[in-house]
Amino acid sequence: MVPEPQTSLLQKLRRDMPTRAAYSSDASLFRRVPAAVLEPDSVDEILEGIDYARQRGWPIVGRGGGSSVAGNAIGDGLVIDTSRHFNRILSIDLESQTAVVEPGVICDELRDAAGAYGLTYGPDPSTHSRCTIGGMVANNACGSHSVAYGTAAENLVDVTLALPSGKLVTFSESGCDDPELDEAIKALYAKHESLIEEELGRFPRQVSGYGLHYLKSDVTKAIAGSEGTLGVITRMTVRLIPKPPHTALAVLSFSDVFAAAAAAPSLRRPGVATIEGMGGDLLDALRSKNGQERAGDNLPGQPNAGGWLYCETTGDTQEEANAVAESLTASIEHTGAVVVSDHAEARALWRIREASAGTVTRLPDGGEAWPNWEDSAVPAENLADYLRDLYALMAKYNYRGIPFGHFGEGCVHVRISFDFHTKEGIAHFEKFMNEAADLVTKYGGSLSGEHGDGRARSSLLSKMYSPEMRHVFEEFKLLFDPQRVMNPGVLVWADAVTDGLRMEPAQRKNEIAPTQLFLQDDGSFTNAVNRCVGVSACRSMEGSMCPSFQITHDEVHSTRGRARVLSELFRGETVNSTDVEESLDLCLSCKACASECPVNVDMATYKSEFLHNRYSGKLRPRVHYLMGWLPLLSEIAHRLPVVPGIAGALMQSTVPAKIMAKVGGLDSSRPLISFAPESLQKWAKKRVPKYTGEPIVFWPDSFNSKLNTGPAQAAIEVLESLGFHVIVPDEFVCCGLTWHSTGQLDMTRRVLEHSAKVFEPYISQGLEVVAIEPSCTTMLQHEAVSQTRDPRMAELAKATKSFSEVVAPKIKQLVAEGRIKPQSGSVLTQVHCHEKSLGDPKQSALILDALGYDMEEIQTGCCGLAGNWGYEDGHAEMSFELGERELFPRVREHDGIVAADGFSCRTQVQQGTGKEAQHMAEIVRDVLVDADL
């Protein structure tokens with residue numbers, strides 16, 4: 001009987017099904033459900049984990065950020081994930097220009113830390129905000145600056161591996177500190193030196209197979225690119241380089257991508273740090289994303305450029321960097337060029353290139369495209385011809401794809417429109433992969449240029465290398481791992497390219513027939529979930545996605561992790577509905593993923609669909625009834641005399657409030673909201689409008705018409721002061737958001753159709769609808785049309801405008817006419833997460849700018865309350881923790897106005913800081929009152 005591990009390891013070892021499902025894939029096409037996941041925080045725990053797995057006969061694979069596109073970071077045994085806890089920068093040595101790091105250190109974290117010393121880490125894949133140094137070394141990653149700084153192997157000084165035997169061995173330039181292993185490695189090289197020198201190291205981006213050519217001078221570098229097949233990395237010393245004092249970016253456009261590829265090799269010269277290429281239709285794909293209609297407008301050669309090169313140049317002065325960039329634009333033929341030295345402008349351009357890996361998985365027409373032949377490389381002088389033949393091969397199979405990559409080094413990335421829905425499609429995929437391997441070999445190239453071979457291409461190494469060379473690879477592997485337990489199926493004794501595909505037809509065995517329309521995904525819930533290709537932008541600590549992951553650092557709580565769990569549910573083999581609900585529990589439905597994910601994964605919508613299916617015909621959690629039906633409950637309460645006042649008093653009383661929270665399934669550790677003493681509709685009926693000009697219809701959302709009417713009253717007063725005749729419908733209307741977020745989709749549809757019917761007479765007159773609650777505004781403009789095919793809903797969506805969108809041009813005009821005096825002071829703005837994702841927050845910024853305010857914006861996205869989510873039992877602690885990321889500290893130290901258009905945002909600010917935030921309508925109203933308009 002196999003003994004159980006020590007208690008500490010048992011506590012760390014995760015064998016629950018949501019965790020195993022979340023780790024079942026990386027950024028590749030492949031699926032392996034692990035037996036367990038270990039997130040160690042010490043070398044001892046790694047060794048314990050290896051011993052535990054070995055005793056049970058489990059294979060072992062190390063994992064970092066899981067951004068591997070080739071399936072290098074998955075396995076059906078023990079996955080050792082070092083990214084969560086084993087991620088310390090141990091030292092930075094200015095004199096030797098090196099850093100000692102644990103494998104889970106994020107690339108950008110190392111670069112930021114080194115930046116304090118005027119240094120940086122050279123390799124920088126497009127996933128630099130979330131990929132780990134250990135993963136980069138394991139795959140021999142490079143990134144856009146490799147023409148200047150080389151691969152991860154060339155920046156590795158020493159590395160320590162935990163071998164499957166339980167030994168720790170360290171490799172440095174002089175060799176291995178284990179004499180027996182050191183002698184065996186040297187003997188292997190001596191025996192096969194001529195073969196190794198003939199077949200390996202022919203050009204910089206030849207990373208397929210093991211880098212045995214490095215054994216001649218530096219054993220350490222041969223460990224890079226071994227893809228976890230030799231051992232688990234526990235520590236590394238990496239080389240740092242001086243950070244360039246000044247940079248410029250030359251962007252050149254070409255008639256087609258082949259012309260860009262042909263020009264790239266000639267640009268390799270001193271002072272040039274990047275030569276990145278993109279196909280012309282990448283911008284079309286980017287523009288097809290939500291909110292990206294003007295993407296790339298500052299690129300040269302628009303709108304007809306067929307390809308681009310991004311060339312970053314360096315210099316001791318800005319003038320020197322600019323001069324190198326200008327010399328590039330003058331040295332070759334192109335259709336347009338721009339040189340940018342402003343850092344913000346350059347970053348905006350670089351984001352287009354860095355978004356490529358995710359963006360091109362959705363073609364401009366919405367079609368799917370996938371990795372697997374996404375990392376081939378040839379000597380740079382052969383790239384143009386190779387690309388032409390690759391296009392011809394794709395055409396033969398009726399495939400499409402958009403190329404991008406490191407053209408200066410002959411490395412091209414392309415996602416291809418493979419069909420994995422049918423057996424015939426998978427058979428064509430396999431044939432294409434074999435022919436593509438023949439093609440790249442014809443041009444003296446490599447199956448992989450930086451991603452590693454993984455499960456995507458390892459079985460095709462027979463096309464690239466002789467049988468003798470592949471036998472040497474096997475010998476090398478066995479020196480470290482004689483039992484073949486480390487990442488089996490990769491590099492040697494390889495899995496077939498069709499083995500364990502994540503999106504095979506079996507994935508749809510338990511497919512859920514959706515209630516929502518999923519208009520962008522052919523009406524398929526599974527297609528929608530398959531948008532997640534795993535590029536792991538949701539694991540970044542930058543931006544707004546994903547709030548819960550940024551707190552827990554748990555893969556299960558990333559957008560990708562949740563997508564993987566849902567995908568497993570569709571298979572019907574591993575997870576059940578309870579597992580999925582657990583994984584979705586901390587999804588705030590903040591919508592950040594809907595825009596920040598490169599392929600617009602919309603987990604809030606998927607969560608709604610799942611909850612609808614999960615509780616169809618069943619008793620729901622109490623909070624779904626209380627918070628989901630809040631709009632209707634508040635409507636009923638305000639139609640009954642004295643009820644709002646009594647209910648409000650009870651909600652603000654300590655003991656009754658806790659009892660109400662307990663009964664309603666709410667978190668009793670946070671204060672409850674309250675009803676307004678008088679509804680907005682009653683207030684509007686009693687007053688005499690100040691002006692009766694151009695009619696506009698006000699959307700009386702439940703939050704601002706039943707709970708806190710101050711912002712709505714201010715909005716109506718502002719609109720009237722600006723010459724509008726504001727119509728406030730007296731009938732109950734609702735966008736259905738609270739029903740949608742709790743997965744009550746039949747009621748969502750009924751409420752929306754009723755509301756569209758109420759507004760039909762106004763819209764038929766051509767009137768605009770102004771909404772002041774950002775979540776309701778975006779629900780009406782976007783999600784609502786996916787809930788019903790009622791044509792009136794589409795018309796209502798077109799007619800709906802945000803308050804700031806209606807008011808901004810009027811305010812600008814009044815300021816220009818001198819009727820409003822410039823204001824002083826600063827405004828700290830918390831943009832509602834739904835508006836940040838799907839709306840147009842710049843309209844509010846235009847108002848503040850026109851009024852003369854200095855504006856500061858909270859950058860972390862969701863405030864942490866997220867509507868009903870922060871009130872649900874067990875969520876309050878994390879809700880406030882999310883506020884402490886940036887919002888609460890900034891509000892506490894801010895002396896000026898705090899602006900928050902979202903009801904939830906204002907509630908969160910008040911409960912977290914004691915300060916009162918204002919709606920934009922209240923800010924504008926106060927200015928107009930002072931102006932006496």
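Atom set for the values below is all heavy atoms of this structure, side chains included, hydrogens, waters and symmetry mates excluded.
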Exercise. Side chains of K591 and T605: do they bring a donor and an acceptor to under 3.5 Å?
Worked result: yes
Exercise. Can R31 and S25 be counted as having a side-chain donor-acceptor contact under 3.5 angstrom?
Worked result: no
Exercise. Within the distance-only criterion (no hydrogens, no angle test), does the side chain of N87 pair as donor or acceptor with the backbone N or O of R84 below 3.5 angstrom?
Worked result: yes
For this session: Please check if any side-chain donor atom of D44 sits under 3.5 Å from a side-chain acceptor atom of S42, or the reverse.
Result: no
Exercise. Donor-acceptor pair, R562 side chain versus S583 backbone, under 3.5 Å?
Worked result: yes
Exercise. Is it true that K221 and D218 have a side-chain N and a carboxylate O under 4.0 angstrom from each other?
Worked result: yes
Problem set entry | Side-chain donor-acceptor contact under 3.5 Å, T98 with D93 | no
Seminar exercise, completed: Here the gap from H128 atom NE2 to S540 atom OG, rounded to the nearest 0.5 Å, amounts to 9.0 Å
Seminar exercise, completed: Note: G175 and D182 closest approach over all heavy atoms is CA-OD1, 3.4 Å
Seminar exercise, completed: The residue among L78, V79, V485 that forms side chain to side chain contact (heavy atoms under 4.5 Å, CB included) with W58 is L78
Problem set entry | Any side-chain donor near an acceptor of the partner, S879 and R670, under 3.5 Å | yes
For this session: Please round to the nearest 0.5 Å and tell me the distance separating atom CG of L181 and atom OG of S165.
Result: 9.0 Å
Exercise. Side chains of Q550 and R885: do they bring a donor and an acceptor to under 3.5 Å?
Worked result: yes
Exercise. Does D178 pair with K167 as a salt bridge, N-O distance under 4.0 Å?
Worked result: yes
Problem set entry | Pair D585-H875, side-chain donor/acceptor within less than 3.5 Å | yes
Problem set entry | Inter-residue atom distance L887.CG - C862.SG, 0.5 Å rounding | 9.5 Å
Seminar exercise, completed: Closest heavy-atom pair, V169 versus C176, reported as atoms and distance to 0.1 Å, is CB-SG, 4.0 Å
Exercise. Which value, rounded to the nearest 0.5 Å, describes the distance between S589 atom OG and W869 atom CH2?
Worked result: 10.0 Å
For this session: Give a yes or no answer on whether the side chain of N155 reaches the backbone of V238 with a donor-acceptor pair at less than 3.5 Å.
Result: no
Exercise. Any side-chain donor-acceptor pair under 3.5 Å between T82 and E102?
Worked result: no
For this session: Check V575 against V565 and note the closest heavy-atom contact, atom names and distance.
Result: CG2-O, 3.6 Å
Exercise. Between the main-chain N or O of R455 and the side-chain N or O of S459, is there a donor-acceptor pair closer than 3.5 Å?
Worked result: no
Problem set entry | Sole residue of F610, Y606, F525 in ring-ring contact (aromatic ring centres under 6.0 Å, His included) with F570 | F525
Problem set entry | Side-chain donor/acceptor of T220 to backbone N/O of F171, under 3.5 Å | yes
For this session: For the residue pair S129 and D108, confirm or rule out a side-chain donor-acceptor distance under 3.5 Å.
Result: no
Seminar exercise, completed: Correct closest heavy-atom pair for E450 and G143 would be OE1-N, 2.9 Å
For this session: Could you tell me whether the side chain of D76 and the main chain of P34 form a donor-acceptor pair under 3.5 Å?
Result: no
For this session: Determine, stepwise, if the pair D495 / R32 fulfils salt bridge (charged side-chain N to carboxylate O under 4.0 Å, His left out).
Result: CA-CA 12 Å; D495 291 347; R32 303 287 188 277; 2.9 Å; yes
Exercise. Quick one: are the ring centres of Y214 and F476 less than 6.0 Å apart?
Worked result: no
Exercise. With a 3.5 Å cut-off and no angle check, do the side chains of Y210 and E474 form a donor-acceptor pair?
Worked result: no
For this session: Output, in order, the C-alpha distance, side-chain angles, deciding distance and verdict of salt bridge (charged side-chain N to carboxylate O under 4.0 Å, His left out) for R571 and E504.
Result: CA-CA 10 Å; R571 281 182 167 269; E504 61 184 334; 3.1 Å; yes
Problem set entry | Any donor-acceptor N or O pair under 3.5 Å, side chains E872, N868 | yes
Problem set entry | Closest non-hydrogen atom pair, I50 against I80 | CG1-CD1, 4.1 Å
Exercise. Donor-acceptor pair, R15 side chain versus A36 backbone, under 3.5 Å?
Worked result: no
Exercise. Does T229 use its side chain to pair, donor to acceptor, with the backbone of S226 at less than 3.5 Å?
Worked result: yes
Exercise. Should V232 and L161 count as side-chain neighbours, where that means a heavy-atom distance under 4.5 Å?
Worked result: no
Problem set entry | D873 with R622: basic N within carboxylate O range, under 4.0 Å | no
Exercise. Does the side chain of Y23 come under 3.5 Å of the side chain of D81 through a donor N or O and an acceptor N or O?
Worked result: yes
Exercise. Above 12 or not: heavy atoms from other molecules or residues under 6.0 Å from CD of Q483?
Worked result: no
Exercise. Under 3.5 Å, is there a donor-acceptor pair between the R539 and S83 side chains?
Worked result: yes
Exercise. For the side chain of N576 and the backbone of T578, is there at least one donor-acceptor N/O pair under 3.5 Å apart?
Worked result: yes
Exercise. Can you tell me how far OG of S577 sits from CG of N613, rounded to the nearest 0.5 angstrom?
Worked result: 6.5 Å
Problem set entry | Set of residues satisfying side chain to side chain contact (heavy atoms under 4.5 Å, CB included) with respect to D51, sequence neighbours excluded | R54, Q55
Exercise. Where do S24 and R564 land on the side chain to side chain donor-acceptor pair (under 3.5 Å) test, with the steps shown first?
Worked result: CA-CA 7 Å; S24 63; R564 295 292 178 259; 5.3 Å; no
For this session: Can you measure from CG (D667) to CD (E877) and round to the nearest 0.5 angstrom?
Result: 9.0 Å
Exercise. Excluding sequence neighbours, so at least two apart, what forms side chain to side chain contact (heavy atoms under 4.5 Å, CB included) with D453?
Worked result: S208, E227, L447, S448, R457, S458, L461, L491
Exercise. Salt bridge between E555 and R14, side-chain N to carboxylate O under 4.0 Å?
Worked result: no
Exercise. Parallel, tilted or perpendicular: which fits the ring planes of F880 and F888, with parallel below 30° and perpendicular above 60°?
Worked result: tilted
For this session: Evaluate the criterion side-chain contact (heavy atoms from CB on, under 4.5 Å) for residue pair L156 and M236; output intermediate values, then yes/no.
Result: CA-CA 7 Å; L156 188 63; M236 294 160 289; 4.1 Å; yes
Exercise. Does a side chain donor of either N510 or E573 reach within less than 3.5 Å of an acceptor in the other side chain?
Worked result: no
Exercise. Where the side chain of K607 meets the backbone of G743, is there a donor-acceptor pair that is under 3.5 Å apart?
Worked result: no
Seminar exercise, completed: Taken in chain and number order and not counting sequence neighbours, the residues that satisfy salt bridge (charged side-chain N to carboxylate O under 4.0 Å, His left out) with D41 are K12
